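Notes follow the structure.
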Amino acid sequence: MEKAVSEAEELPKAIVRRVVKDKLSHCSHDADFNVHKDALLAFTESARIFIHYLSATANDLCKESKRQTISGDDVLKALEEIEFSEFLKPLKASLDEFRKKNAEKKKRASQSKDVKKKRKLEQEPSDKNEGSESRQDENDEDNAEDVTGDD
């Protein structure tokens with residue numbers, strides 16, 4: 001009997017197929033191979049169950065720490081707890097790389113924001129000066145008329 005899985009829980013078959021084929025291509029030097037539909041379904045369902053199990057374990061760890069948001073470190077601890085410690089090293093490397101790229105993006109965004117602020121501040125005084133200069137010119141003209149004007 002087939003279990004109905006909500007669409008939100010389904011993993012994209014194209015991505016699962018790509019991951020499986022990529023991994024198999026590293027393991028085997030044969031030119032081309034196919035993944036049968038039943039095998040693809042088995043991989044997809046196995047991955048979905050693994051994600052559920054890992055996320056539930058990470059969530060439990062998070063609740064034990066009296067937090068509501070699961071962090072990357074919670075996932076690492078959950079992998080250890082469910083005895084998949086062989087995944088820790090590659091996952092830590094990926095997580096470190098992600099954090100490094102994210103920090104670089106934030107730094108660039110912050111620098112860009114600072115440059116925009118600086119430009120805006122540099123333009124504001126000149127805008128104010130231009131406005132005050134034109135008002136000053138008008139005042140000078142009015143004063144000149146008053147001085148030379150014959151009443």
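Keep in mind that this is a model prediction, so the values were computed, not measured.
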Legend entry - Straight-line distance of Asn102 CG to Lys107 NZ, nearest 0.5 Å: 14.0 Å
Inset, instruction - Measure from the side-chain N and O atoms of Asp74 to the backbone N and O of Ser71, and report whether any donor-acceptor pair falls under 3.5 Å. - result: yes
Legend entry - Residues, nucleotides or ligands: over 12 heavy atoms within 6.0 Å of Glu83 CD: no
Legend entry - Main-chain N/O of Arg108 paired with Ser112 side-chain donor or acceptor, under 3.5 Å: no
Legend entry - Interatomic spacing from CZ in Arg67 to CG in Asn59 - rounded to 0.5 Å: 10.0 Å
Legend entry - Closest approach of Arg48 to Leu11 (non-hydrogen atoms, all atoms of both residues): N-CD1, 3.7 Å
Inset, instruction - Starting at NZ of Lys116, measure out to CG of Leu121 and round the result to the nearest 0.5 Å. - result: 14.5 Å
Inset, instruction - Measure the spacing between NZ of Lys77 and OG of Ser65 and express it to the nearest 0.5 Å. - result: 6.0 Å
Inset, instruction - Establish whether Leu91 and Leu54 are linked, either directly or via other cluster members, by ILVMFWY side-chain heavy-atom contacts under 4.5 Å. - result: yes
Legend entry - Carboxylate-amine/guanidinium contact Lys89 Asp96, below 4.0 Å: no
Legend entry - Close side-chain approach of Val16 to Val19, heavy-atom, < 4.5 Å: no
Inset, instruction - Tell me whether Phe98 is reachable from Val75 by hopping between hydrophobic residues (I, L, V, M, F, W, Y) whose side-chain heavy atoms are closer than 4.5 Å. - result: no
Legend entry - Smallest separation among heavy atoms of Ala78 and Ala58, with atom names: CB-N, 3.6 Å
Legend entry - Main-chain N/O of Ile51 paired to Ser55 side chain as donor or acceptor, under 3.5 Å: yes
Legend entry - Value rounded to 0.5 Å, distance of CG in Leu76 from CG in Leu88: 6.0 Å
Inset, instruction - Evaluate the side-chain proximity of Ile15 to Arg18: yes if any heavy-atom separation is below 4.5 Å, no if none is. - result: yes
Inset, instruction - Give a yes or no on whether Gln68 atom CD has more than 12 heavy-atom contacts from other residues, nucleotides or ligands under 6.0 Å away. - result: no
Legend entry - hydrophobic_cluster_shared for Leu61 and Tyr53, side chain cutoff 4.5 Å: no
Legend entry - For Phe50, all residues meeting ring pair (Phe, Tyr, Trp, His ring centres under 6.0 Å), sequence neighbours excluded: Phe84
Legend entry - Sub-4.5 Å side-chain heavy-atom contact between Lys21 and Asn34: yes
Inset, instruction - Measure across Ala42 and Ser46 and return the closest heavy-atom pair with its distance rounded to 0.1 Å. - result: O-OG, 2.7 Å
Inset, instruction - Say whether Phe87 and Val20 are linked into one hydrophobic cluster, either directly or through other cluster members, by side-chain heavy-atom distances under 4.5 angstrom. - result: no
Legend entry - Closest non-hydrogen atom pair, Leu40 against Val35: N-CG1, 3.9 Å
Inset, instruction - State the NZ-CZ distance between Lys37 and Arg17, to the nearest 0.5 angstrom. - result: 9.5 Å
